[in-house]
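Computed over heavy atoms, backbone and side chain alike; hydrogens, waters and symmetry mates excluded. Position 1 is the first residue of the sequence, and the numbers go up from there.
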Amino acid sequence: KIIIGYVGLFKTLGLEKGILIMIESLKYLPEKFIAVFVGGRDEEIKEYSTQADLLGVKDRCLFFGRKNGDEIPMYQMAMDILSIPYPDEPHFRESGFPMKVYEYMASKKPIIYSKLDLVEEVLSDCGIGFKADDPIDFSLKVKDIVKNNFYPVLVSRAYMKLKEFTWKEKANNIVNFIRLK
């Protein structure tokens with residue numbers, strides 16, 4: 001099996017975070033692909049499980065509740081592809097930059113993400129973007145990742161790029177910015 005994974009809250013501020021796009025994309029992917037979702041509340045797990053059942057892909061979806069911080073890397077390492085499937089909504093376009101970007105970059109796994117400006121700023125050269133809200137494009141990009149041997153060059157670039165986002169590096173950028181004023 002090839003595991004496409006999502007780790008994080010299933011909803012934020014009552015907004016769906018693209019879980020349904022991942023579930024629906026399974027209709028366009030061969031049976032060897034499964035989706036694993038980690039971080040939902042009980043009622044969300046039930047809701048998405050029902051949706052997966054209605055779409056005929058429930059047997060290819062695994063849902064897990066919230067986990068402790070020290071457990072999250074184990075789940076991420078068990079996945080073949082990590083996903084940030086955010087919808088094209090104002091919150092995610094304008095202010096919803098997820099910390100999971102950095103966690104995913106550290107995992108040394110390929111990242112598929114919605115092509116929204118905030119996430120594009122970091123992942124455009126080290127992840128695979130898909131058209132937000134489009135399960136067919138998502139599935140095509142997943143197939144592309146597998147066809148390209150899980151993009152080891154992009155995975156390596158993402159991991160190396162993390163050095164730009166340490167607290168020390170951010171502090172240096174702020175100090176340098178202030179000095180320019």
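The closest side-chain heavy-atom distance from Ile4 to Met22 is below 4.5 Å. Residues Val142 and Ile81 have side chains in contact (heavy-atom distance under 4.5 Å, counting atoms from C-beta outward). Taking 4.5 Å as the limit, some side-chain heavy atom of Lys161 sits within range of a side-chain heavy atom of Asp125. Annotation: side chain of Lys1 is not in contact with side chain of Phe33 (no heavy-atom distance under 4.5 Å).
Separation of the Phe37 and Tyr48 ring centroids does not fall under the 6.0 Å cut-off.
With Lys109 contributing its side chain and Tyr104 its backbone, the two residues share no donor-acceptor pair below 3.5 Å. Without hydrogens or angle criteria, Glu44 side chain to Arg41 main chain gives a donor-acceptor distance under 3.5 Å. Put simply, the side chain of Tyr113 never gets that close to the backbone of Leu116: no donor and acceptor are under 3.5 Å apart. Looking at Asp53, its side chain never comes within 3.5 Å of a backbone N or O of Ser49 through a donor-acceptor pair.
Taken from CD1 in Ile84 to NZ in Lys115, the straight-line distance is 14.0 Å, to the nearest 0.5 Å. Atom NZ of Lys58 is separated from atom CG of Leu54 by 9.5 Å, given to the nearest 0.5 angstrom. Arg66 CZ to Phe10 CZ: the interatomic distance, rounded to the nearest 0.5 Å, is 10.5 Å. Atoms CD1 and CD1, from Ile34 and Ile3 in turn, are 4.5 Å apart once rounded to the nearest 0.5 Å. If you take CG on Leu55 and CD1 on Ile23, they are separated by 7.5 Å, rounding to the nearest 0.5 Å. To the nearest 0.5 Å, atom CZ of residue Phe92 and atom CG of residue Leu13 are 7.5 Å apart.
Using modelled atom types, one finds a donor on one side chain and an acceptor on the other under 3.5 Å when comparing Asp144 with Asn148.
The two residues Ser83 and Lys100 have their closest heavy-atom pair at O-CD, 4.5 Å. Listed here is the closest heavy atom pair of Ile19 and Pro85: N-CG, 4.4 Å. The minimum heavy-atom distance linking Ser114 with Ala132 is given by the pair CB-CB, 4.0 Å. Nearest approach of Cys126 to Met105, heavy atoms of both residues: SG-CE, 4.3 Å.
Comment: Lys46 does not engage Glu43 in a salt bridge, judged by the lack of any side-chain N to carboxylate O separation of less than 4.0 angstrom. A salt bridge does not link Arg93 to Asp117: none of the charged nitrogens lies less than 4.0 Å from a carboxylate oxygen. By the 4.0 Å N-to-carboxylate-O rule, Lys11 lies close enough to Glu47 to be salt-bridged with it.
In the hydrophobic clustering (ILVMFWY side chains linked at under 4.5 Å, chained through shared members), Leu140 is joined by Tyr28, Ile136.
For residues 122-141, the ring pair (Phe, Tyr, Trp, His ring centres under 6.0 Å) pairs, not counting sequence neighbours, are Phe130-Phe138.
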